[in-house]
Amino acid sequence: MEFARNQSECRARRVQFFCLLAVLLITLVFFLLEDRASGLAYLLVERWITLPAMVFLGISLCREGDNRWQLYAGLAMIALFFLIQVLHLVLESEAKQIGTFVCAYGLCFPFAAATRDEKAQIGLKWMAGLFLTVGAVLTIYTALLLLNAVPAYLSNYLYWDGSRLFAMGHPNICATLLMISMVFCAGLALKSRKLWVKIGLSVLMLVQFFALSLTNGRTTIILTCLLLGGIACCVIRGRGWKRAALALLAAVVVMAAAFGASRAIYGWNQDRLLRQYTQSVSAVEAEAPKPPASEDSAVPPVLVANEYQGTLSGDLKTLNGRTYIWKYALAALGENPRIKFIGTEYVEMILSRYIASPLYHTHNSWLEALYRMGLPGLAAALVITVLAVWSALVVLWRNTDLWKSCIALLTLCLLGCAMLEPYLFVADVSYFYLDFLFLMCLGYLCLWRKEKDA
């Protein structure tokens, strides 16, 4: 009887891992297709990613074990989401983004506990493999751009936006994906015992930092510098105040050096693109008459996007205009009180009444949760935030395992990115992979938090 039960448990666990593998493969197809498939990637995610999540939920509920609160918490979030979507269906429009939300809270969040994978961490390593693959693709994209060798079928989706690296739909998204890949490179390099693996991952991390600098995603770059400093601190720290002081000093040096290097790399690329532009038009200007001078013509087209972005020092006051967006978004809540209770599907339409420029979201994950799911959704997002910060800090304090420290730092950095973009909590179809990663990391951190040391 015991043997049969063990065999059944093994089969059930194997199915759970197959479900995760299916989700990761669908996500990889989403990355590789981007917008080139005319919406096929989004349709694939919305229609099919729910199936492995439902199978995973069924298997997990049938298995016995401890630490099932993550599973029940995920089910509660799904129930809340479906209740709100039913209200939206009745009052507004067709319910949206069901697949990604179900998969985020029904599979990714409870995965570690449901599969008892906190020791082997197989699922987390698979997730790391996905983002390492995407990071490697982005480094190839960067090389193609620098060599002016972008193939025709990629030209509309891979280019210089001003002098910013544009890929995966937006420079900021590209920057976030590179930051994530860098963390996994660092964590796996520190975890591996093979020298060639350490060297290979370290080289890949440096190349990705170079590509990250070219995006000029300033918030992500600052968070990446903090993250690199945090990793350096975790590597050096030890018992005693002298070792702790040395670790903090090393962290500051690493952060300052990384930020300075990033600015230098971006400045070099600006100068390089400007030289290319000047050389390409010099012959034409010599033969053709010059157009009348204007204010717009003072800035070469290759740098126009940078003019709209502003400067780092100037944008710190408004977080590149985010504070104005938040101000108008909060004002809109006063005129649309129903949003506070059940949320809305029409975030873009509501914001467009207050801001002339097109806005598809509120540029803040917690504010977006309020707009999409009302106060219950915001309350759930705040609970998840507290749980993530608490778990990450406890793991950083108690554990000496550098891989776990990297995961904790990554979780905190994702929360930092979520301050300026709607990356988390609502499992938006455009950023669902960030929700998947964040919630899976959180599931492992919740289990690691209970360990005294590792």
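Every heavy atom of this structure was used, including side-chain atoms; hydrogens, water molecules and symmetry mates were not.
- For Ser181, the side chain to side chain donor-acceptor pair (under 3.5 Å) criterion is met by Gln208, not counting sequence neighbours.
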**OP:** Take Phe17 and Thr115 through the side-chain contact (heavy atoms from CB on, under 4.5 Å) test and state the conclusion after the steps.
**Re:** CA-CA 8 Å; Phe17 276 93; Thr115 59; 4.0 Å; yes
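- No side-chain heavy atom of Tyr159 sits less than 4.5 Å from a side-chain heavy atom of Leu165.
- The CE atom of Met179 sits 11.0 Å away from the OG1 atom of Thr215 when rounded to the nearest 0.5 Å.
- Relative orientation of the His170 and Phe166 rings is tilted, given thresholds of 30° and 60° on the angle between their planes.
- Between Val102 and Phe82, the closest side-chain pair of non-hydrogen atoms falls below 4.5 Å.
- Atom CG of Asn216 and atom CD1 of Ile265 lie 12.0 Å apart (nearest 0.5 Å).
- In this structure, Leu375 CG and Ile342 CD1 are separated by 11.5 Å, a value rounded to the nearest 0.5 Å.
- Ser155 places a side-chain N or O within donor-acceptor distance of the main-chain N or O of Ala152, the cut-off being under 3.5 Å.
- Sorted by first then second residue, the side-chain hydrogen bond (donor to acceptor under 3.5 Å, both in side chains) pairs that include residues 182-202, not counting sequence neighbours, number zero.
- Side-chain atoms of Phe436 and Leu107, non-hydrogen and from C-beta on, never get closer than 4.5 Å to each other.
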Original post:
Given the rule in the side-chain contact (heavy atoms from CB on, under 4.5 Å) test, do Leu402 and Ile231 qualify, once you have shown the distances and angles that lead to the verdict?
Top reply: CA-CA 8 Å; Leu402 295 175; Ile231 293 174; over 6 Å; no
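- The two residues Leu415 and Ala388 come nearest to each other via the heavy atoms CD1-CB, 4.0 Å.
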**OP:** Start with the C-alpha distance between Val426 and Phe81, add both sets of side-chain angles, then the distance that settles side-chain contact (heavy atoms from CB on, under 4.5 Å), and finish with yes or no.
**Re:** CA-CA 9 Å; Val426 294; Phe81 178 79; over 6 Å; no
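- Aromatic ring orientation, Tyr444 versus Phe111: tilted (interplanar angle from 30° to 60°).
- For Asn336, the side chain to side chain contact (heavy atoms under 4.5 Å, CB included) partners at least two apart in sequence or on another chain are Ala332, Ile339, Ile350, Arg353, Tyr354.
- For the pair Gln16 and Asp117, the minimum side-chain heavy-atom distance is 4.5 Å or more.
- Counting heavy atoms from C-beta on, the side chains of Phe131 and Leu410 never come closer than 4.5 Å.
- The side chain to side chain donor-acceptor pair (under 3.5 Å) search around Ser262 returns Ser213, not counting sequence neighbours.
- With sequence neighbours excluded, the residues satisfying side chain to side chain contact (heavy atoms under 4.5 Å, CB included) with Ser405 are Cys234, Arg237, Leu396.
- Residues forming a side chain to side chain contact (heavy atoms under 4.5 Å, CB included) with Leu206 (at least two apart in sequence, or on another chain): none.
- Between Pro422 and Arg372 there is no side-chain heavy-atom pair separated by less than 4.5 Å.
- Every residue two or more places apart in sequence or in another chain was checked for a side chain to side chain donor-acceptor pair (under 3.5 Å) with Tyr433, and none qualifies.
- Sorted by first and then second residue, the side-chain hydrogen bond (donor to acceptor under 3.5 Å, both in side chains) pairs with a member in residues 384-397 read Trp366-Thr385, Ser391-Arg449; sequence neighbours excluded.
- Partners of Gln121 under the side chain to side chain donor-acceptor pair (under 3.5 Å) rule, at least two apart in sequence or in another chain, are Trp403.
- For Tyr328, the OH atom sits in a loose shell: 12 or fewer heavy atoms of surrounding residues, nucleotides or ligands are nearer than 6.0 Å.
- Nearest heavy atom pair, residue Ser163 against residue Tyr266, reads OG-OH, 3.0 Å.
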Name each donor-acceptor pair under 3.5 Å that joins a side chain in residues 19-33 to protein atoms two or more places apart or in another chain, with its distance.
{"unit_1": "Thr27", "atom_1": "OG1", "unit_2": "Val23", "atom_2": "O", "d": "2.8"}

**OP:** List the steps and the verdict of side-chain contact (heavy atoms from CB on, under 4.5 Å) for Tyr431 and Thr176.
**Re:** CA-CA 11 Å; Tyr431 315 114; Thr176 303; over 6 Å; no
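- Minimum heavy-atom separation, Ala427 to Phe432: O-CB, 4.5 Å.
- No side-chain heavy atom of Lys125 sits under 4.5 Å from any side-chain heavy atom of Leu132.
- The distance from atom CG of Leu226 to atom CG of Leu412, rounded to the nearest 0.5 Å, is 11.0 Å.
- When every heavy atom of Tyr105 is checked against every heavy atom of Phe425, the shortest pair comes out as OH-O, 2.8 Å.
- Judged purely by atom type and a 3.5 angstrom limit, Glu368 uses its side chain to pair as donor or acceptor with the backbone of Thr362.
- We find the CG-NE2 distance between Leu420 and His363 to be 9.5 Å, quoted to the nearest 0.5 Å.
- In this structure, Asn399 contributes its side chain and Asp401 its backbone to no donor-acceptor pair below 3.5 Å.
- A heavy-atom distance below 4.5 Å is not found between the side chains of Met440 and Leu442.
- Residues Ala211 and Thr142 share a closest heavy-atom pair of CB-OG1, 3.3 Å.
- The side chain to side chain contact (heavy atoms under 4.5 Å, CB included) search around Val207 returns Thr139, Val203, not counting sequence neighbours.
- Taking each heavy atom of Leu434 and Leu424 in turn, the nearest pair found is O-CD2, 3.9 Å.
- Sorted by first and then second residue, the salt bridge (charged side-chain N to carboxylate O under 4.0 Å, His left out) pairs involving residues 264-280 (not counting sequence neighbours) form an empty list.
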